[in-house]
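Everything numeric here is computed off the predicted structure, so don't read it as measured data. The basis for the numbers below is simple: all heavy atoms, side chains too, and nothing from hydrogens, waters or symmetry mates.
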Amino acid sequence: MIKNLSVRPSFIPREQRGSVESQVCYLTGRIKRLTEHLDLHGRDYSSQRGLWKIVGKRKRLLIYLFKKDRLRYKSLIGQLDIRGPR
């Protein structure tokens, strides 16, 4: 069962919709949805490739945020309950 895991635009203020945090939240929602899809359809290799591309993009954004502002990075990791990049 796929639940609505995406971040609603109304929760993010208009001036912050392009921020790193909002992009990471959006990508995290997509990753969760694709992971649930792949639990049901394990041999869907196109979705697996898409998932890896999204994970890579989120990883690059998290590394950027880690280098720029560690406090924002730590708070984002805590809010989303995800591990940081290795």
Side-chain angles (χ1 to χ4, degrees):
M1 176 199 281
I2 297 175
K3 299 175 186 173
N4 187 7
L5 298 172
S6 63
V7 177
R8 290 188 175 180
S10 60
F11 293 144
I12 300 170
R14 189 157 202 56
E15 62 273 358
Q16 291 184 352
R17 290 200 184 153
S19 68
V20 176
E21 289 93 343
S22 64
Q23 291 180 47
V24 170
C25 288
Y26 173 72
L27 291 174
T28 300
R30 287 183 64 192
I31 288 170
K32 288 182 181 179
R33 276 187 292 160
L34 272 173
T35 303
E36 287 185 5
H37 170 78
L38 288 171
D39 285 342
L40 297 174
H41 309 282
R43 294 176 59 188
D44 187 357
Y45 299 115
S46 298
S47 293
Q48 283 181 8
R49 182 172 186 264
L51 176 64
W52 283 113
K53 288 181 79 158
I54 295 170
V55 168
K57 186 169 195 166
R58 183 180 74 174
K59 181 179 178 180
R60 286 191 303 272
L61 285 169
L62 287 171
I63 289 170
Y64 168 79
L65 188 61
F66 182 79
K67 289 178 182 177
K68 283 293 197 183
D69 190 354
R70 291 198 184 187
L71 292 176
R72 284 172 48 197
Y73 170 80
K74 296 255 185 218
S75 104
L76 181 64
I77 293 295
Q79 286 175 352
L80 294 178
D81 194 30
I82 58 175
R83 294 184 303 181
R86 294 180 184 186

Let me confirm one number: the [atom1]-[atom2] distance from [X] to [Y], rounded to the nearest 0.5 Å.
X	Y	atom1	atom2	answer
Arg58	Leu80	CZ	CG	8.0 Å
Ile82	Thr28	CD1	OG1	4.5 Å
Ser46	Leu51	OG	CG	12.5 Å
Leu76	Leu71	CG	CG	12.5 Å
Tyr64	Asp69	OH	CG	10.0 Å
Thr35	Leu40	OG1	CG	11.5 Å

>> For Gln16 and Glu21: C-alpha separation, side-chain torsions, deciding distance, then whether side chain to side chain contact (heavy atoms under 4.5 Å, CB included) applies.
In response: CA-CA 8 Å; Gln16 291 184 352; Glu21 289 93 343; over 6 Å; no

>> Within the 4.5 Å heavy-atom criterion, are Gln48 and Asp44 side-chain neighbours or not?
In response: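 With C-beta onward as the side chain, the pair stays apart.
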
> Of the non-hydrogen atoms in Leu38 and Ser47, which two are nearest, and what is the gap between them?
Replying inline: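 Looks like CD2-CB, 3.9 Å.
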
> Closest approach of Gly18 and Gln23, non-hydrogen atoms and distance?
Replying inline: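 That would be O-NE2, 2.8 Å.
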
>> Here's one to test your reading of the geometry: is the NZ or CZ of Arg70 within 45 degrees of the ring axis of Phe66 and under 6.0 Å from its centre?
In response: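 Yes.
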
> Does Asp81 CG have over 12 foreign heavy atoms under 6.0 Å away?
Replying inline: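 Incorrect, the count does not exceed 12.
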
> Checking side chain to side chain contact (heavy atoms under 4.5 Å, CB included) for the pair Lys53/Arg49: CA distance, chi angles, key distance, verdict?
Replying inline: CA-CA 6 Å; Lys53 288 181 79 158; Arg49 182 172 186 264; 4.2 Å; yes

> side chain to side chain contact (heavy atoms under 4.5 Å, CB included) with Tyr73: which of Leu62, Val24, Val20, Ile63?
Replying inline: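 When Leu62, Val24, Val20, Ile63 are each tested with Tyr73, the side chain to side chain contact (heavy atoms under 4.5 Å, CB included) holds only for Leu62.
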
